[in-house]
Amino acid sequence: MRDGKTDVETEVKTDVNTDVKTDVLILAAGLGTRMKSRRAKVLHELAGSPLVAYVLRAALELAPEAVFTVVGYQADEVERAVRDEVKRREQARMPALPGALPGVPARTELHFVRQLEQRGTGHAVMAAREQLEKHHGELLVLAGDAPLIKAETLKRLAEIHRAEQNDATMLTVLMDDPTGYGRIIRDKDGSLLRCVEQKDGSPEELATREVGVSIYCFNLDALLAALDHLTTDNAQGEYYLTDVPRIMQAHGKKVGLLLHSNAEEVLGVNTRIELADLERKLRESKLRELMLSGVTIVDPATTYIHRDVQIGQDSIIHPQVIIEGLSRIGSGCTIQSWTRMKNVQIEDNVTIRNSSVIEDSVIREGATLGPFARLRAGADIGEKAGIGNFVEVKKSKIGRGTKASHLTYLGDATLGERVNIGAGTVTCNYDGVRKNETIIEDDVKIGSDTMLVAPVRVGRGSKTAAGSVVTKDVPADSLVAGVPAVVKKKLK
Ligand code: UD1
Ligand code: CA
């Protein structure tokens, strides 16, 4: 199943372009020297996702037939980052997350191309030659280090490319400070004369404010032909992809330039300072979007909410909250300070008090958590349940109205409705070999400091006295006490 957005885009694609197919190639093999890092630049994270994931995401929105990623430096890790992003998109289409993200078009093939030595952007495309030769039509080339690129811009580039019947169309922008970028030199008619890299340019050439941003649309056949003519005759001794348009022109091919008005969108990340700048921009725009949709963000300066998080109307996010991953929070919720959450599904009117740490969990309508609650690995907190201070819940289902208010560990447990868990209760779920289950039926009262040695079941309506060590199943409506606990009396 696809969400509405992708369907619309697919339609747009078939309207505009019934016979030309578009493939995408992402340049992601370089180290990124200016990051001063041992990690490949495209693996550095922005708002919790690697840079390359953003580029891939924009590319997938075009529903391409194939995405080629050129990998080299830390090839396996970059490949994994790309595959993980695709998995994320697929996950986002699962029913638990209605309408969360544009999913992955089912028909997109992923290909990875190894560029063993990084000898330039042109060389990166040359490395893909063998695979590209099996394809025809158009190829969008994207830099893996420019994460803010929007799918609409790529669509527009492809449309103009087709409308002008170009063999290559380059996206360009005007930069106030073009330092480091390849300059676009035009002739007096405005056509491309040549591209000049920072290290190769004369002072007059470098004074040009129009730059190329490593985003191109090529006719594949013309691109492959031009690659044969690339040389390393330049200051860096590299094969420059920026030489391809000029080579094409020399062979009578048509090259177009598309001057894009939004320079911010195509900024590449070259240093950690630029990375932090983008992080701030992305964060601010996400918070603005949430506030405009009716979410109160008490202190935007200290609130960190990642791009794929959804929050409903009239929810209040207090200062110093972090919400990450594929998270969805309903309306009327209150999230208090110093809380960190990742991959959570929270229904309406839930209160999370200070300093709670919650991952991969579901919290149902009207529940209250914290302060200092810890939920992980598929905790499922029922309607109006209460999980209090210093309570850890792991892979457990907590029934409606059930309370565990203080100092408790609930792991691999299923708790019914209206259960009360006394302070200091532990589900002893691990026998040193395997994890065992605890089942606590409806209306049970577990006395303080009870040890529930799993596997064990406590029957409906029963009680355990304080300090009980429960090693055997407790029948319904009974009081047990002692070490090990034995039935003291029937309650009904
Ligand atoms: C490139 C462009 C420049 C443009 C700038 C910003 C060339 C010669 N220059 O310069 O005109 O203004 O991008 O978009 O193309 N990569 C590989 N293999 C390589 C080299 C690079 O895959 O051998 C990848 C990198 O991982 C990166 C992208 O290509 O994702 C751009 O590489 P980078 O080294 O940042 O190019 P710039 O010097 O910025
Ligand atoms: Ca760059």
Side-chain angles (χ1 to χ4, degrees), residues 24-35 37 39-44 46 50-56 59 68-75 77-79 81-82 112-129 141-149 153 168 170-175 177-185 192 194-201 205-206 208-216 218 223 226-227 230-247 257 260 263-271 274-275:
V24 174
L25 183 137
I26 301 175
L27 300 169
L31 163 61
T33 323
R34 287 165 285 176
M35 293 297 280
S37 177
R39 274 171 99 199
K41 176 165 66 179
V42 298
L43 292 176
H44 279 259
L46 190 63
L51 295 178
V52 70
Y54 289 82
V55 178
L56 178 73
F68 302 89
T69 308
V70 184
V71 295
Y73 192 83
Q74 291 187 316
E77 288 86 343
V78 176
E79 178 169 337
V82 168
F112 295 89
V113 175
R114 302 260 160 166
Q115 185 195 13
L116 299 178
E117 266 181 287
Q118 286 79 60
R119 300 178 62 195
T121 47
H123 187 254
V125 182
M126 287 156 78
R129 171 186 278 285
V141 174
L142 313 176
D145 65 349
L148 301 190
I149 185 67
T153 306
M170 270 183 100
L171 198 73
T172 72
V173 292
L174 293 174
M175 293 228 174
D177 178 10
T179 311
Y181 285 85
R183 310 299 201 279
I184 300 296
I185 313 297
L192 177 74
R194 61 182 170 278
C195 306
V196 182
E197 292 303 296
Q198 178 79 29
K199 292 187 175 139
D200 299 288
E205 286 169 330
L206 295 181
T208 311
R209 285 175 51 228
E210 186 174 8
V211 302
V213 290
S214 293
I215 298 173
Y216 311 80
F218 289 114
L223 170 65
L227 289 178
L230 279 183
T231 67
T232 56
D233 186 12
N234 54 55
Q236 301 185 81
E238 289 185 353
Y239 294 99
Y240 288 168
L241 187 57
T242 45
D243 287 343
V244 162
R246 186 181 46 75
I247 292 169
L257 297 171
H260 186 55
E264 296 233 308
E265 181 193 330
V266 293
L267 287 178
V269 171
N270 290 309
T271 66
E274 290 168 0
L275 185 65

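One-based numbering, in listed order, for ligands and for the atoms of each. Predicted, not measured: the structure shown is a model, and the values here were computed from it.
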Polar-atom distance check: [X] versus ligand 1, any N or O pair below 3.5 Å?
X	value
Thr121	yes
Val70	no
Thr242	no
Ala29	yes
Ala143	no

Which of the atoms of ligand 1 are close to [X], meaning less than 4.0 Å from one of its heavy atoms?
X	value
Ala124	17 (C), 18 (N), 22 (O)
Arg119	23 (O)
Tyr181	6 (C), 12 (O)
Gly212	4 (C), 12 (O)
Val213	14 (O)
Gly120	18 (N), 19 (C), 20 (C), 23 (O)
Asp145	30 (O), 35 (O)

Legend entry - Lys/Arg N to Asp/Glu carboxylate O, Arg194 vs Glu205, below 4.0 Å: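 Result for this pair is yes, salt bridge flagged.
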I need the [X] [atom1] to [Y] [atom2] distance, nearest 0.5 Å.
X	Y	atom1	atom2	answer
Ile149	Ile215	CD1	CD1	3.5 Å
Leu192	Arg246	CG	CZ	9.5 Å
Glu197	Thr121	CD	OG1	7.0 Å
Glu238	Asp243	CD	CG	11.0 Å

Legend entry - Side chains of Asn234 and Lys199, donor plus acceptor under 3.5 Å: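 Judged by distance alone, the side chains do not pair up.
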Inset, instruction - Please identify each residue that fulfils side chain to side chain contact (heavy atoms under 4.5 Å, CB included) with Leu227, with sequence neighbours left out. - result: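 Result, side chain to side chain contact (heavy atoms under 4.5 Å, CB included) vs Leu227: Val125, Met126, Arg129, Leu223, Leu224, Leu230, Val244.
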Legend entry - Closest to atom 11 (O) of ligand 1 among Met35, Lys41, Glu197 (heavy-atom distance):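 Answer by nearest heavy atom: Glu197.
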Legend entry - Proximity to ligand 1 by part of Ala40, non-hydrogen separation under 4.0 Å: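 Ala40 to ligand 1: no contact under 4.0 Å from either part.
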Inset, instruction - Would you name the heavy atoms of Gly212 and Tyr181 that are closest together and state the gap between them? - result: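 Closest approach of Gly212 to Tyr181: O-CD2, 3.9 Å.
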Inset, instruction - Please confirm whether Arg34 comes under 4.0 Å of ligand 1, counting heavy atoms of the residue only. - result: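 Judged by the 4.0 Å heavy-atom criterion, Arg34 does count as contacting ligand 1.
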Legend entry - ligand 1 contacted by Gln115 (non-hydrogen, < 4.0 Å):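 Flag set, Gln115 near ligand 1.
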Inset, instruction - For a side-chain contact (heavy atoms from CB on, under 4.5 Å) with Val55, tell me which candidate from Ile26, Val82, Val42 qualifies. - result: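 Considering Ile26, Val82, Val42, a side-chain contact (heavy atoms from CB on, under 4.5 Å) with Val55 is found only for Ile26.
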Inset, instruction - Have a look at Pro147 and tell me which of Leu275, Leu51, Val52, Leu267 forms a side-chain contact (heavy atoms from CB on, under 4.5 Å) with it. - result: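 In the set Leu275, Leu51, Val52, Leu267, the residue that makes a side-chain contact (heavy atoms from CB on, under 4.5 Å) with Pro147 is Leu51.
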